[in-house]
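To start, the structure itself, in structure tokens.
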Amino acid sequence: MTASLSRREFLASAAALAAPPPDEDRALIAITLDLEMSRNFPTWEQTHWDYEKGNLNAEAKKYTVDAARILKDHGGVLHCFAVGRTLEQENVDWLKDLARAGHPVGNHTYDHVNVKATRPQDIQFRFQRAPWLIEGKKPADVIRENVRLATAALKTRAAITPSGFRTPGGFNNGLDDRPDLQKMLLELGFRWASCRYPAHKLGEAGKEPTREVYDSIVAAQEKAQPAAYPSGLVEVPMSPISDISAFRGGRWKLSWFLEALRRALTWVIDNGAVFDFLGHPSCLYVVDPKLEAVQLMCEMVRKAGDRAALVNLDELAARAMR
């Protein structure tokens, strides 16, 4: 027979039950947008954005601002990653306003380059069309300078210190195979980077995802948790499924995408894990003009109460730094 609790012990026990879970037990959900133009949007035939990644149109900027407003209304922030060439546009007040409102902006390279490229022709379409821009330079030097320039552009034009780094494109193995890139990012002042995108099934293009596809996306969440590389650089993976994977690769309908998000977030919240939503406003303003994906994620976090929180990627990285 157990002894009865004293009044003090009872009150302490009740307080513990009422307290929110510790940070390490709470699901952390970040909503991020890569500020770049995407091929195949707004129409499938459009590919010229490959050469003008930073030339954001009005619709992409409006979608970003609207997403930030919705997140603020739910007590969160939007974490953006900017291509440096966006800072060449005539007016960047909208980006300055986002940063002043507390929405972090990270480095996404200056020209949206492939950081793992080892041949000049593989770095970026721009340099295939204008090879003289990098003539005589080693790919590693071009890539390093591209990352440095993006930071310089953000600081000089918008007074923004980049919050983290994200590679253009995601890699299933992150930077596991490239300790040289880990070292480069650390030398350029980044403590964390978002480079890994776990592989998952996508199904036949244009066909409704099967249960196997949905299950594969949910299973990928376990591989999308932050961790440190041996170098000390922290990896904050992108969580499947991204909008580009769904709407370009899979040619999905919006309802299928929302269902995949719902299932993935359910697992994340139930397991006190983290989720890094990867979106592109240049794609989403076309396929999800009412911001239903953002609304869904915010509502799921709200309904989870103390079991989940809307955060930025710095807080996801911090979990791996403890």
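Just so we're clear, the structure is a prediction, and the values are computed from it rather than from any experiment.
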Leu202/Ile241 under side-chain contact (heavy atoms from CB on, under 4.5 Å): CA gap, chis, key distance, verdict: CA-CA 9 Å; Leu202 192 57; Ile241 183 171; 3.7 Å; yes
Is [X] linked to [Y] within one hydrophobic cluster, defined over Ile, Leu, Val, Met, Phe, Trp and Tyr using a side-chain heavy-atom separation of less than 4.5 Å?
X: Tyr197; Y: Val236; answer: no
X: Leu149; Y: Ile143; answer: no
X: Leu296; Y: Val311; answer: no
X: Leu78; Y: Leu28; answer: no
X: Leu278; Y: Leu35; answer: yes

Could you list all the ring-ring contact (aromatic ring centres under 6.0 Å, His included) pairs where at least one residue sits in [range], not counting sequence neighbours?
range: residues 303-322; answer: none
range: residues 137-181; answer: Phe165-Phe190
range: residues 91-148; answer: Tyr51-Phe125, His108-His112

Do side-chain atoms of [X] reach the backbone of [Y] as a donor and acceptor pair under 3.5 angstrom?
X: Gln128; Y: Gln124; result: no
X: Thr266; Y: Arg262; result: yes
X: Asp34; Y: Glu36; result: no
X: Thr86; Y: Gly54; result: yes
X: Thr47; Y: Arg39; result: no
X: Asn107; Y: Val147; result: yes
X: Thr167; Y: Gly170; result: no
X: Arg157; Y: Gln89; result: yes
X: Ser242; Y: Met238; result: no
X: Asn312; Y: Glu315; result: yes

Just jot down the side-chain hydrogen bond (donor to acceptor under 3.5 Å, both in side chains) partners of [X], sequence neighbours excluded, or say none.
X: Glu222; result: none
X: Arg251; result: none
X: Gln295; result: none
X: Lys201; result: none

Less than 4.5 Å apart, side chain to side chain, heavy atoms only: is that true for [X] and [Y]?
X: Phe277; Y: Leu261; result: yes
X: His280; Y: Leu33; result: no
X: Asp276; Y: Ser194; result: yes
X: Leu313; Y: Trp192; result: yes
X: Thr64; Y: Leu98; result: yes
X: Pro226; Y: Val274; result: yes
X: Val234; Y: Arg191; result: no
X: Leu310; Y: Val77; result: no

Parallel, tilted or perpendicular, as decided by the 30° and 60° cut-offs, for the rings of Trp44 and Phe41: perpendicular
Audit row: Asp180, Lys183, salt bridge (Lys or Arg N to Asp or Glu O under 4.0 Å) steps and yes/no: CA-CA 5 Å; Asp180 58 319; Lys183 182 173 182 285; over 6 Å; no
Check against salt bridge (Lys or Arg N to Asp or Glu O under 4.0 Å), Arg148 and Glu145: CA-CA 5 Å; Arg148 187 198 68 79; Glu145 179 64 2; 2.7 Å; yes
Salt bridge (Lys or Arg N to Asp or Glu O under 4.0 Å) partners for Arg248, two or more places apart: none
Pairing residues for Glu299 by the salt bridge (Lys or Arg N to Asp or Glu O under 4.0 Å) criterion, not counting sequence neighbours: Arg302
Step-by-step side-chain contact (heavy atoms from CB on, under 4.5 Å) determination, Met37 to Leu56: CA-CA 6 Å; Met37 295 307 292; Leu56 299 184; 4.0 Å; yes
Pairwise side chain to side chain donor-acceptor pair (under 3.5 Å) hits with a residue in residues 224-238, at least two apart: Gln182-Ser231, Tyr229-Glu235
Can you confirm whether more than 12 heavy atoms, excluding those of [X], are under 6.0 Å from its [atom1] atom?
X: Lys96; atom1: NZ; result: yes
X: Lys116; atom1: NZ; result: yes
X: Lys72; atom1: NZ; result: yes
X: Glu187; atom1: CD; result: yes

Salt bridge present between Arg307 and Asp25 (N-O < 4.0 angstrom): no
Pair Arg144 + Asp141: basic N to acidic O under 4.0 Å: no
Criterion side chain to side chain donor-acceptor pair (under 3.5 Å) on Asp314 and Ser163, from CA distance to verdict: CA-CA 7 Å; Asp314 292 297; Ser163 178; 2.6 Å; yes
Listed partners of Phe81 passing ring-ring contact (aromatic ring centres under 6.0 Å, His included), at least two apart: His79
Distance (rounded to the nearest 0.5 Å) between Lys290 NZ and Asp66 CG: 14.0 Å
Separation of Met297 CE from Ile31 CD1 (nearest 0.5 Å): 4.0 Å
Arg166 and Thr109 side chains, donor-acceptor separation under 3.5 Å: no
Pair Asp243-Val287, side-chain contact (heavy atoms from CB on, under 4.5 Å): steps then yes or no: CA-CA 9 Å; Asp243 55 348; Val287 299; 5.7 Å; no
Audit row: Phe257, Asp288, side-chain contact (heavy atoms from CB on, under 4.5 Å) steps and yes/no: CA-CA 10 Å; Phe257 183 62; Asp288 183 18; 5.8 Å; no
Pairwise salt bridge (Lys or Arg N to Asp or Glu O under 4.0 Å) hits with a residue in residues 125-140, at least two apart: Asp111-Arg126
